[in-house]
Amino acid sequence: MSQNYKETLNLPHTDFPMKAGLTNREPEMLAKWEASDLYGRIQAARSESELFVLHDGPPFANGDVHMGTALNKILKDLVVKSKTMAGFRAPFVPGWDCHGLPIEYKVVKESRDLSPLEVRERSAAFARKFIDIQREQFKRLGVFGDWDHPYLTMNPGYEAEILRAFAIFVEHGLVYKSLKPVFWSTGAQTALAEAEVEYQDRTDAAAWVKFPIVTGAFKDKASIVIWTTTPWTLPANLAIAVHPKELYVLQEFRHQGRSEMLVLADKLVASFCQASGFEPAGEPVESFPGVKLEGIGAQHPFLPRTAIVLTADFVTMDTGTGAVHIAPGHGEDDYSLGKTNSLPILSPVDDHGRYTAEVGLPELVGHYVFDANPEIVRLLRDRGMLVAEQPYQHSYPYCWRSKTPIIFRAVEQFFIRIDQLRQPALQAITEVNWIPAWGENRIAGTVEARPDWVISRQRSWGVPLPVFYSPNNEAILDPAVIRRLADLVAERGSNIWFELDDAALARALALPEGTRHRNDTIDVWIDSGVSHFAVCARHPALRDPADMYLEATDQHRGWFQSSLMTSVALHNRAPYKTCVTHGFVVDLDGKKISKSGTYSKPMDAGHFVNRHGADLVRLWVSSINYTDDVPFSEEMFTRLGDTYRRIRNTLRILLGNLCDVAFPEGSTSAPPSEFTIVDRWILERLQQVIDDCRAAYAAYEFHKVYQALNQFCAVDLSSLYIDITKDRLYCDAPDSPRRRGTQAAMSQIFEALCKLLAPILVFTAEEAWGHRAGNDRSVHLQLFPEPNESQRDPLAREMVDELLKLRAVIGQAIEKARQEKLIGNALEAAVVLECDERFVTSIPREELEEFFILSDLTLRAAAEARATITRTPNKKCARCWRHRPSVGAIAAHPDLCDRCAAVIEARA
RNA sequence: GGGCCUGUAGCUCAGCUGGUUAGAGCAUGCGCUUGAUAAGCGCAGGGUCAAAGGUUCAAAUCCUUUCAGGCCCA
């Protein structure tokens, strides 16, 4: 009777496992790649190809690789790998940014009282440790590159190039010296960075001080009243700032028989009266916007000097009088306002916070400024310039180390003149391809607005600022000397600057006796900002300008800009042709997580790599539109796991169905005559997918690759092509032409799929590829498939589109029949399909039955498509399970259909 | 506060220069299958396109404002 025919079928077979086991398999594959120098072999294979340089922006060498860093590096890798497979030679030389405050700060915090040299040695060790950690993490993500020879900004060779670039800046007259206020610790006699400042509550004298108007409107009729909590800065006052749009009043105030005609902001009259005891006498004489005060001169309260009234947007209406005392040497806003109005930078205070002779009041010279506060108040009162005084509690910056209150103090700094670079930089910006396009606006905005570049730092962990001082304390900026220093640094490292004393260094550089040097260093943004000069232009595999820089959107102001400025200074052009930016990683609710200290969920890339595998992390990167904020959540990883499994299973069933055919080198295929409509259609779809993916890779729109391949695997292949061709693959004779035709199509599809997936699923694509091609050939050495014009088949596409509409009609009818318990399996149905006549005539009924996966189809021409279901009277074939009229008609095989009977006969 | 940008189903994305009932995959629900089986197939539900105004014969698509979010400044 009914025998078991299972072993007579051509069932799929493959060793490619359904379960990925990525966390175990990936490290094995990495080891194999490393042992066979896959990166080197790829480069060698492309040695004659057109060059494409993606220049790596160096991450800072501290901390673990978190999802934001992983996103960046994987995006770069997607570019490099897709360019490689598009036929380019795309080397990747990774780099690290090593110098800078965050490392120095950590080192200094761990152990105090280190010499600069000790700080530098420990900082270098710290950087090396994290370079090694990050390098392993990047490699683990499947990122290919020259990991054994990265560029480090602390390598002596790199440091020397920084100095050589600096020499050119000096030659071009871009570097100048000027005073600029910085956070200054009077206790430690050193400049501080913002991170080194801690805030404490403290009570100071708040003083309302009048500045009698001596020129312009209201001359000799009134005084402008300012409010300050740092009376000690008054000797450095040079101006008064008012808000241009806010309303100010001229009004008489009275208190204890005293009368004052004052100008102050309308909104702050009430708080002024409350704090000072003064009361308004009648209505304001006049009220006007602050801009009307611009240019007025006001007498300094105790020095023979006039303060000019300026307008500034930073003036607020929440405290004070709306008239802000400006001392350009003692405040950030004060400084920039003074700078734009060409005021001098006055800062009559020494390293210990004591007044210098410049203060203009002999009795105060040598006094510590915080002790001087009451003295200044007394002076104001004596001169009748004090309108009111009140103790004021506020949060004030303190030095984290010496615990002394911090002052803003102007010290000598070096600058790069941006005005000289601004126009050429803006021009260079227009010549760059910005992705997304709005990046151009953004960087142009920052370039237009940025002030001169402060390039000196009073820090130890950096490249020494190559400035020398003559015996009479004049700064020496000499390109030739800087180049000699660069040679010395290239040979012996930049520690030489800190190891040698003045005399030894002067001797080494052939400088006159008595020449001294200081311990200032160069801003680290110069370090990374000259990488095009130090790396791209020097590295034998690279080129300057690079084809692409790719970083997060904060780098419009950071590395993109610093690199642009230095490149314009050196070559008068941008260092990149294309600039790609990506957003930041944000949580499901759109909140940032990369940098938040309060975020408690794991953000280390390692966490997800160990849990899901690097290919899943890469699939995540490929799935999102990186030009926006990048969403990230556990749920997304669950979904991605489903997508991954779908892709993997598709590869697996293709492999299984190809188990009895050889891998065709160069993908030949059976002649079109062997193809049925569905074969022709899937090959047409494949050409489209190849087109779409190639275009999406070329435009760096990786999420479109993801969508296209996902759709292709899930819909076109899994639920259509593979499902439809199952019958012929399993039940036909192994070498039946239509079976072989389908295998030829599947082989081509498999090959193309592996290649198109390879940049994203680096491990899985390689694993699948190895099951077909043999393990000695890497998919990463292949080129992307080219669309095969001979397989374009718009007609097949059109036909199948129509057939799919009919399929939906049938599907709905069958679903209904199922619910009515008329049938279970769709193969039990007898379907009468009414449809357009051309389907009745142009495609064989058998082929339509196969396409719709039915046993029993009757076609009738009709205007509107309609399907009617009954239970088929045909018996079920014991082998192929279809209910066919021929079952029972063949004497030798009463339980088989004609097709299956013929196959069995042929086997015997 | 300023500059640049974003906001379409539970999730990720389409939707070109405004033009038929806003699409896809995944997820969800209900079935089928047990010869891709810790798989596969079918059907179904789900969106006032952040909100409010405006331009237009017509807006997710253009303009304004608001709200929410991001980066960079202040």
Side-chain angles (χ1 to χ4, degrees), chain A residues 4-14 16 18-19 312-314 316 332-333 336 436-446 448-450 552-558 561 581-595 619-620 622-625 627-646 648-657 701 703-704 706-715 718-720 722-724 726-727 729-731 807-808 810-816 818-819 821 823-828 853 879-881:
Chain A
N4 186 5
Y5 288 100
K6 188 167 174 179
E7 64 273 18
T8 72
L9 298 170
N10 319 302
L11 291 180
H13 175 265
T14 177
F16 183 73
M18 179 178 285
K19 199 161 160 26
D313 287 334
F314 62 74
T316 63
E332 193 67 47
D333 286 337
S336 55
W438 49 258
E440 178 166 354
N441 272 342
R442 191 167 168 157
I443 191 165
T446 63
E448 272 162 16
R450 81 156 294 164
T553 170
D554 57 339
Q555 299 304 330
H556 279 120
R557 197 187 174 76
Q561 197 200 191
T581 48
H582 59 84
F584 275 63
V585 178
V586 297
D587 201 353
L588 250 192
D589 55 4
K591 298 269 166 46
K592 66 170 176 176
I593 46 181
S594 289
K595 287 184 169 176
L619 193 62
W620 166 69
S622 79
S623 74
I624 47 81
N625 174 5
T627 58
D628 282 347
D629 295 332
V630 175
F632 169 84
S633 66
E634 291 283 353
E635 189 199 339
M636 282 178 71
F637 266 85
T638 311
R639 302 273 163 278
L640 286 163
D642 295 328
T643 304
Y644 175 84
R645 275 189 292 278
R646 168 67 67 150
R648 188 177 177 92
N649 271 323
T650 303
L651 291 171
R652 182 165 178 270
I653 187 67
L654 289 174
L655 278 171
N657 281 330
E701 295 172 332
H703 67 286
K704 291 190 176 167
Y706 168 88
Q707 299 274 347
L709 292 178
N710 183 211
Q711 184 97 353
F712 187 57
C713 286
V715 181
S718 194
S719 68
L720 291 174
I722 293 169
D723 208 34
I724 287 167
K726 241 182 218 172
D727 176 76
L729 286 171
Y730 297 178
C731 305
R807 183 174 178 271
I810 296 169
Q812 285 168 345
I814 285 184
E815 191 63 25
K816 194 158 163 277
R818 232 182 235 141
Q819 277 166 18
K821 304 287 178 200
I823 54 165
N825 192 322
L827 288 173
E828 293 162 17
I853 316 183
R879 185 164 174 275
C880 70
W881 297 345

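Just so we're on the same page: letters track the sequence lines, and every chain starts at 1.
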What does [X] touch in the nucleic acid at a heavy-atom separation under 4.0 angstrom: a base, only the sugar-phosphate, or nothing?
{"X": "A:R807", "answer": "sugar-phosphate"}
{"X": "A:S718", "answer": "base"}
{"X": "A:R557", "answer": "sugar-phosphate"}
{"X": "A:D333", "answer": "sugar-phosphate"}
{"X": "A:T643", "answer": "nothing"}
{"X": "A:I624", "answer": "sugar-phosphate"}
{"X": "A:G656", "answer": "nothing"}
{"X": "A:D642", "answer": "sugar-phosphate"}
{"X": "A:K726", "answer": "base"}

Distance in angstrom units between [X] [atom1] and [N] [atom2], rounded:
{"X": "A:K6", "N": "B:A36", "atom1": "NZ", "atom2": "P", "result": "9 Å"}
{"X": "A:E828", "N": "B:G31", "atom1": "CD", "atom2": "P", "result": "17 Å"}
{"X": "A:N825", "N": "B:G35", "atom1": "CG", "atom2": "C1'", "result": "13 Å"}
{"X": "A:I814", "N": "B:C41", "atom1": "CD1", "atom2": "P", "result": "16 Å"}
{"X": "A:R646", "N": "B:U37", "atom1": "CZ", "atom2": "P", "result": "14 Å"}
{"X": "A:Q707", "N": "B:C26", "atom1": "CD", "atom2": "P", "result": "11 Å"}
{"X": "A:D554", "N": "B:C5", "atom1": "CG", "atom2": "P", "result": "17 Å"}
{"X": "A:L640", "N": "B:A27", "atom1": "CG", "atom2": "P", "result": "12 Å"}

Closest approach to the side chain of [X], judged atom by atom: which nucleotide of [options] is it?
{"X": "A:F584", "options": "B:C71, B:G31, B:G35", "value": "B:C71"}
{"X": "A:D629", "options": "B:G35, B:G70, B:A36", "value": "B:G70"}
{"X": "A:L11", "options": "B:C11, B:G35, B:G25", "value": "B:G35"}
{"X": "A:E815", "options": "B:G40, B:G70, B:G31", "value": "B:G31"}
{"X": "A:N649", "options": "B:G42, B:G70, B:A36", "value": "B:A36"}
{"X": "A:L9", "options": "B:G70, B:U37, B:G35", "value": "B:G35"}
{"X": "A:P631", "options": "B:G40, B:G25, B:U12", "value": "B:U12"}
{"X": "A:D723", "options": "B:G40, B:G10, B:G70", "value": "B:G40"}

Problem - A:F712 aromatic ring stacked with six-membered ring of B:G25, 5.5 Å and 30° - result: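 The base of B:G25 is not stacked with A:F712 (the test needs centres under 5.5 Å and planes under 30°).
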Problem - Interatomic distance at C1', B:G46 relative to B:G10, whole Å - result: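 Comparing C1' positions in B:G46 and B:G10 gives a spacing of 9 Å.
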Practice task
Please state the P separation for the pair B:A27 and B:C41 - nearest whole angstrom.
Solution key: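 Looking at atom P only, B:A27 and B:C41 are 11 Å apart.
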Go ahead and name the base partner of [N]; Watson-Crick or wobble counts if both distances stay under 3.5 Å, otherwise write none.
{"N": "B:A60", "answer": "none"}
{"N": "B:U55", "answer": "none"}
{"N": "B:C30", "answer": "B:G42"}
{"N": "B:G7", "answer": "B:C67"}
{"N": "B:G35", "answer": "none"}
{"N": "B:A14", "answer": "none"}

Practice task
Name the residue closer to the 5' end of RNA chain B, choosing between A:I653 and A:S623 according to the nucleotide with the nearest heavy atom.
Solution key: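 Looking at RNA chain B, the more 5' nearest nucleotide goes with A:S623.
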Problem - First encountered from the 5' end of RNA chain B, between A:G583 and A:A826 - result: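 The 5'-side residue here is A:A826.
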Problem - A:T581 and A:R442: side chain donor to acceptor below 3.5 Å - result: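 No - no donor-acceptor pair under 3.5 Å links their side chains.
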Problem - No-H, no-angle donor-acceptor pair, A:R442 side chain to B:C5 base, under 3.5 Å - result: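 Result: no qualifying N/O pair found.
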Practice task
Tell me whether the guanidinium CZ or amine NZ of A:R648 lies under 6.0 angstrom from the six-membered ring centre of A:F16 and within 45° of its axis.
Solution key: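 Verdict for A:F16: a cation-pi partner in A:R648.
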Practice task
Output all residues satisfying salt bridge (Lys or Arg N to Asp or Glu O under 4.0 Å) with A:D333, sequence neighbours left out; order by chain, then residue number.
Solution key: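 With neighbours one apart ignored, the set is empty.
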Exercise for the section: Flag the pair A:F712 / A:T650 as yes when at least one side-chain heavy-atom distance between them is below 4.5 Å, and no otherwise. Expected result: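 With C-beta onward as the side chain, the pair stays apart.
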Exercise for the section: Measure up the A:F632 and A:F637 rings against each other and bin them: parallel (under 30°), tilted (30 to 60°), perpendicular (over 60°). Expected result: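 Perpendicular.
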Exercise for the section: Would you check if the side chain of A:R818 reaches a backbone N or O of A:G824 as a donor-acceptor pair within less than 3.5 Å? Expected result: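 Between the backbone of A:G824 and the side chain of A:R818 there is a qualifying donor-acceptor contact (under 3.5 Å).
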